[in-house]
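Whatever order the structure lists them in is the order used to number ligands and atoms, beginning at 1. Just so you know, these numbers use all the heavy atoms, side chains as well, and skip hydrogens, waters and symmetry mates.
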Amino acid sequence: MQTSGPLYRQLWFQTLLAIIIGVVVGFATDGKSAQWFGWLGIIFVRLLKMVIVPLILTSIVTGVASVGGGKSLGRLGVKTLSYYLLTSLMAILTGLAFVNAIKPGVGADLAGTSGKELPTLQTVDNLAEIFYRMIPTNPIAAMSGGDMLAVIFFAILLGVGITQLPSGKDDTIRGIFEQGFDLMMVITTGIIRLLPLGVLGLISTAVASAGIDTFKALGLYALTIVGALSVHYLISLPLLLWVLGRMKPWVHYRNMAEAMITAFSTSSSSATLPVTLRSVRERVGVSNKVTSFVLPMGATVNMDGTALYECVGAIFIAQVLGFDLSTAAQATIVVTALLASIGAAGIPSAGLVMIFLVTEAVGLTGPEVATIVGIMLAVDRPLDMYRTMVNVTSDSAGAAIIAKSEGETGINQS
Ligand code: ASP
């Protein structure tokens, strides 16, 4: 982010302005703004998506190869997975407390709102499939299909394989991946210059399509999620940065502003990954070794906001249908919400579809559930924007905390 020179030339200022213009234009034109500015958002997201697969591949291979095989890789892996689990569980429990205290679904009359068609998104039939899918039968097909978990798996193996090559025989292949990664970061930096234009297109379209009316019907439900997400975003994650990482949370948040805005406007952790990688590396000051390992995996696996949402959403559905969930059923929801968040792809509305996995685990099935999910879809976009921002923030905080625990001293503290 450019931080010198006159205000109007600074990227954060331009982006803020773009958000304000996007909101005003979106409301004022009642959908027409999608024609005027929508294309800017579409081009921006396409550009980001263009770099995701080569970035994930080169970044993970470089990261794993530089960590080395064996013990140090194992240590980093255990730390990373522990962080993912800890924060996702904290988020789920926050959501659980909110939904049980506010009870947004009890007595909610959703009959007046007509159900909407569910989008066709990548869904999973069962939990085992999430794990099977990680192993690609054809790595090239996984890359061309954008199957992130499978690409990550293959990239880790490539990285480990490089460390096993006899010394002197690995220079070329290491160089190719390292320079490939640097090259992708150069391209990413260029794309990020377009952030204000992309945000203008995305925000004005989102505002125009969400509308205020839909919020009235589901206001309490939306408030419950926003409240719980805010506690996680504004209290839990900063506390972790402070206590576990001994870092100033506000400095970290400031350094991650570009990535947060991108997550908020694209609703996609995967599309945001190029920006997240660049911000954590260049602004937060985390080494390549840790960013390359923690972030690409985090974008698919670590989704605090989505985990929280799965829990609140499933219990909301139970409340609307008049079920009083037992403690055992709520515990099942906690576990399946975690798994659903791991399995959800980092794309818009992925979390909404995964909610069926959670409801089915506690026996909530039938057309009523689908109807309520359809109604929830009406307000999903803004909630998705916020939970994606929380997902990305948690990934970045994890990278910083893990880097600190590995003894890194380059973290930017002012
Ligand atoms: N859109 C979210 C993400 O990409 C996933 C979700 O729908 O919760 O992180």
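- Taking the six-membered ring for Trp, Tyr233 and Tyr253 have ring centres closer than 6.0 Å.
- Residue contacts with ligand 1 for Ser267 involve N, CA, C or O but no side-chain atom from C-beta outward (heavy atoms, distance under 4.0 Å).
- Side-chain N or O atoms of Asn100 include one that pairs as donor or acceptor with a backbone N or O of Leu96 at under 3.5 Å.
- Of the heavy atoms in Val392, none comes closer than 4.0 Å to ligand 1.
- For the pair Glu258 and Arg283, the salt-bridge criterion is not met [side-chain N within less than 4.0 Å of a carboxylate O].
- Of the candidates Met389, Met354, Arg387, Arg387 brings a heavy atom nearest to atom 8 (O) of ligand 1.
- Which parts of ligand 1 touch Ile347 is read off a 4.0 Å heavy-atom cut-off, strictly below it: atoms 1 (N), 2 (C), 4 (O), 5 (C), 7 (O).
- At the top of the distance list for atom 2 (C) of ligand 1, counting protein heavy atoms only, stands Thr388 OG1, 3.3 Å.
- At least one N or O atom of Ala350 sits closer than 3.5 Å to an N or O atom of ligand 1.
- Taken from OG in Ser292 to CG in Leu76, the straight-line distance is 10.5 Å, to the nearest 0.5 Å.
- Of the protein's non-hydrogen atoms, the one nearest atom 7 (O) of ligand 1 is Gly351 N, 2.7 Å.
- Checking each of Asp304, Thr94, Thr393 against His232 for a side-chain hydrogen bond (donor to acceptor under 3.5 Å, both in side chains) leaves exactly one that passes, namely Asp304.
- Here the side chain of Glu408 pairs a donor or acceptor atom with the backbone of Ser287 at under 3.5 angstrom.
- Near Ser268, the atoms of ligand 1 lying under 4.0 angstrom from a non-hydrogen atom of the residue are 4 (O).
- With Ala345, Ser269, Ala299, Ala263 as candidates, the residue nearest to atom 4 (O) of ligand 1 on a non-hydrogen basis is Ser269.
- Between Ser270 and ligand 1, no pair of N/O atoms sits closer than 3.5 Å.
- Only backbone heavy atoms of Ser349 (N, CA, C or O) come within less than 4.0 Å of ligand 1; its side chain stays farther off.
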request  = Determine, step by step, whether Arg174 and Glu178 satisfy the salt bridge (charged side-chain N to carboxylate O under 4.0 Å, His left out) criterion, reporting the C-alpha distance in whole Å, the side-chain angles of both residues, the deciding distance to 0.1 Å, and the verdict.
outcome  = CA-CA 6 Å; Arg174 264 181 206 269; Glu178 275 168 23; 5.0 Å; no

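- Counting only distance, with no hydrogens or angles, the side chain of Ser394 and the backbone of Val390 share no donor-acceptor pair below 3.5 Å.
- Atoms of ligand 1 found under 4.0 Å from any heavy atom of Thr306 (numbered from 1 in listed order, with element): 5 (C), 6 (C), 8 (O).
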